[in-house]
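Order of the sequence lines sets the chain letters (A, B, ...), proteins ahead of strands, with each chain counted from 1. The shown structure was predicted, so the numbers you read here are calculated from the model rather than taken from an experiment.
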Amino acid sequence: GHTYTTMVGILGRARRFDSINKLLEQMVKDGCQPNVVTYNRLIHCYGCANYLKEALNVFNEMQEVGCEPDRVTYCTLIDIHAKAGFIDVAMSMYKRMQVAGLSPDTFTYSVIINCLGKAGNLAAAHWLFCEMVEHGCVPNLVTYNIMIALQAKARNYEMALKLYHDMQNAGFQPDKVTYSIVMEALGHCGYLEEAESVFVEMQQKNWVPDEPVYGLLVDLWGKAGNVEKASEWYQAMLNAGLLPN
RNA sequence: CGCAUCAUGA
């Protein structure tokens, strides 16, 4: 049983779907019933290959043979559908798993929140953020980063900054991504000096700025019409040994 | 019980 499940994982990574199906036949012939993990791996492999319909078929099949989908099954399905842009399917899976008495983990919540936000459904994203807390699922650094980015994109800059502070109160140190999101928000507000001071703070915290961070500053100053500042940051990037994209 | 899903700035 274990060996078969392991093989399904290996073949899945190699995208050998025909071999997988043969293996499953063999497995059943040997009297080994595929278990939840076998199915979960199968669903994940189909999802990665963008065969979402097949993934859903596996989901239905496993229930027909009396194998109850678990938390990972739902998380995987939500994950692959959200990433492929099928938020409606992801959301209905979310509802289904709640009916089954399960709730997503922090990763899965983050994926859904991010996708809802990207689709412009900020209200739903925020609602889900609240719901995950109610379910006792603790937001982590990435979850906060996502929420800050969404608020910033919706131009709710004060809300973004509030979350930025909430995050620190919750005991999370901002990382490179947080700083870059905050800098972008400040820049779009026209607070370019503030954005630069965030850059300084970031370096004080020993974060090494990467190309996107420098690129952001070049872009912000450029859009503000300050060619000197933009060139300055461009030079700083080159001095840091980074190449423009 | 374990194995299996791993998200954010360009």
What does [X] touch in the nucleic acid at a heavy-atom separation under 4.0 angstrom: a base, only the sugar-phosphate, or nothing?
X	answer
D210(A)	base
D70(A)	base
E211(A)	nothing
V111(A)	sugar-phosphate
N140(A)	base

Of all the nucleotides listed ([options]), which has the minimum atom distance to the side chain of [X]?
X	options	value
K83(A)	A7(B), A4(B), U5(B)	A7(B)
N114(A)	A7(B), A4(B), U5(B)	A7(B)
I181(A)	A7(B), U8(B), U5(B)	U8(B)
N145(A)	U5(B), U8(B), A4(B)	U8(B)

A side-chain contact here means heavy atoms from C-beta on lying under 4.5 Å apart; do M97(A) and L77(A) qualify?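 They are not in side-chain contact.
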Does a side-chain heavy-atom distance below 4.5 Å link Y157(A) with Y191(A)?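 No, side chains not in contact.
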Under 3.5 Å, is there a donor-acceptor pair between the Y46(A) and N57(A) side chains?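 The criterion, which ignores hydrogens and geometry beyond distance, is not satisfied for N57(A) and Y46(A).
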On the side chain of D175(A), is there an atom forming a donor-acceptor pair with the base of U8(B) - under 3.5 Å, no angle test?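 No such pair is found, so the answer is no.
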Find the distance [X]:[atom1] to [N]:[atom2] and express it as a whole number of Å.
X	N	atom1	atom2	result
L141(A)	G9(B)	CG	C1'	12 Å
L220(A)	A10(B)	CG	P	12 Å
K118(A)	U8(B)	NZ	C1'	8 Å
I43(A)	U5(B)	CD1	C1'	10 Å
D79(A)	U8(B)	CG	C1'	13 Å
Y214(A)	G9(B)	OH	P	21 Å
I148(A)	A7(B)	CD1	P	19 Å
F172(A)	G9(B)	CZ	C1'	18 Å

Looking only at atom types and distance, does a side-chain atom of N226(A) sit under 3.5 Å from a main-chain N or O of K229(A), one as donor and one as acceptor?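 Confirmed, N226(A) side chain pairs with K229(A) backbone.
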Presence of salt bridge, K22(A) and D18(A), under 4.0 angstrom: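 Looking at D18(A) and K22(A), the cut-off is not met.
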Check this one for me: any side-chain N or O of K153(A) less than 4.0 Å away from OP1 or OP2 of U8(B)?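 Looking at the OP1 and OP2 atoms of U8(B), neither is under 4.0 Å from any side-chain N or O of K153(A).
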